[in-house]
Amino acid sequence: MSWQTYVDSNLVGTKKITKGAIFGHDKSTWAISPDFEVQSPELDALLQAFKDPTGIRANGLRMGGQKYIALKCDDRSIYGKLGSGGIVAVKTNQALLIGLYGDGTQPGEATKVVEALADYLISVNY
């Protein structure tokens, strides 16, 4: 299965995630939704937040040009909220998964989708 298929089917295809992306820890793009623009400084801040979430806790998390309020930040998962939507970012051994969700999705539904894909990738050493 291609990396783009994971984004198209396992993330966005669930209808719980509106935009998704998979990056390497080196910030290389493995797969991304066509309408999802992620800037390098946004990725830098997100990757840094897995080590030290102080910055995003104080100033919020920017992704795709939007500012999210950080809700959960640890060395595996970062969750953020923007209005009735939000962001779920999960770091695996080699990848960084990002899923955005909108109005019609409960945070727990979006979290389950992204975390499940992360669990699978970890199980196959990614």
Side-chain angles (χ1 to χ4, degrees):
M1 189 182 301
S2 75
W3 291 110
Q4 192 62 47
T5 302
Y6 285 116
V7 169
D8 296 342
S9 299
N10 297 70
L11 294 178
V12 178
T14 66
K15 306 294 186 210
K16 304 296 180 190
I17 301 297
T18 57
K19 296 178 184 177
I22 303 173
F23 294 95
H25 289 188
D26 62 355
K27 300 188 303 180
S28 61
T29 303
W30 292 7
I32 193 165
S33 295
D35 56 345
F36 191 12
E37 291 186 30
V38 179
Q39 302 300 316
S40 184
E42 295 173 333
L43 275 180
D44 289 336
L46 181 59
L47 286 165
Q48 178 59 36
F50 285 104
K51 297 174 191 165
D52 178 10
T54 307
I56 66 166
R57 286 193 187 280
N59 303 312
L61 169 66
R62 294 199 174 274
M63 190 58 54
Q66 298 290 321
K67 182 178 176 182
Y68 296 85
I69 298 168
L71 301 176
K72 174 188 175 179
C73 309
D74 61 35
D75 61 354
R76 175 190 158 109
S77 304
I78 295 175
Y79 305 161
K81 191 90 171 121
L82 174 64
S84 57
I87 182 171
V88 178
V90 183
K91 187 176 170 189
T92 68
N93 299 331
Q94 298 181 46
L96 172 62
L97 284 66
I98 302 171
L100 304 184
Y101 62 94
D103 295 344
T105 302
Q106 293 296 314
E109 295 174 316
T111 299
K112 184 177 179 181
V113 168
V114 181
E115 292 279 2
L117 180 55
D119 287 342
Y120 169 73
L121 292 177
I122 290 167
S123 77
V124 294
N125 298 316
Y126 276 100

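Throughout, numbering of the chain's residues begins at 1 and tracks the sequence.
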In terms of hydrophobic clustering (I, L, V, M, F, W, Y; side-chain heavy atoms under 4.5 Å; direct or indirect links), are [X] and [Y] co-clustered?
X	Y	result
Leu121	Ile98	no
Met63	Ile32	yes
Leu47	Tyr79	no

* Name the orientation class of the two ring planes belonging to Tyr6 and Tyr120 (parallel below 30°, tilted from 30 to 60°, perpendicular beyond 60°). => tilted

* Asked: Mind checking whether Trp30 and Trp3 have parallel, tilted or perpendicular rings, split at 30° and 60°?
  -> tilted

Could you tell me which non-hydrogen atom of [X] sits nearest to which non-hydrogen atom of [Y], and how far apart they are?
X	Y	answer
Pro107	Lys81	CG-NZ, 4.2 Å
Ala110	Thr105	N-CG2, 3.9 Å
Ser33	Val7	OG-CG1, 3.8 Å
Thr14	Asn10	CG2-O, 3.3 Å
Ile56	Ile78	CD1-CG2, 3.8 Å
Lys67	Leu82	O-CD1, 3.3 Å

What do you reckon, is [atom1] of [X] surrounded by more than 12 foreign heavy atoms closer than 6.0 Å?
X	atom1	result
Lys112	NZ	no
Tyr126	OH	no
Glu37	CD	no

Nearest 0.5 Å, what's the [atom1]-[atom2] distance between [X] and [Y]?
X	Y	atom1	atom2	value
Gln94	Ile122	CD	CD1	11.0 Å
Lys19	Leu11	NZ	CG	14.0 Å
Leu46	Ile87	CG	CD1	6.5 Å
Phe50	Cys73	CZ	SG	9.0 Å
Glu42	Gln66	CD	CD	9.5 Å
Thr29	Ile22	OG1	CD1	11.0 Å

* To do: Could you check Leu43 against Leu96 for side chain to side chain contact (heavy atoms under 4.5 Å, CB included), going step by step and ending with a plain yes or no?
  => CA-CA 9 Å; Leu43 275 180; Leu96 172 62; 3.9 Å; yes

* To do: Evaluate salt bridge (charged side-chain N to carboxylate O under 4.0 Å, His left out) for Arg76 paired with Asp119, printing each intermediate quantity in order.
  => CA-CA 11 Å; Arg76 175 190 158 109; Asp119 287 342; 2.7 Å; yes

* What's the verdict on side chain to side chain contact (heavy atoms under 4.5 Å, CB included) for Ser77 and Val88, showing C-alpha distance, side-chain angles and the deciding distance? -> CA-CA 7 Å; Ser77 304; Val88 178; over 6 Å; no

* Is Asp44 salt-bridged to Arg62, cutoff N-O under 4.0 Å? ->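 Result for this pair is no, no salt bridge flagged.
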
* Asked: Only one of Val114, Thr18, Val12 forms a side-chain contact (heavy atoms from CB on, under 4.5 Å) with Leu100, so which one is it?
  ->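 Answer to the side-chain contact (heavy atoms from CB on, under 4.5 Å) test with Leu100 among Val114, Thr18, Val12: Thr18.
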
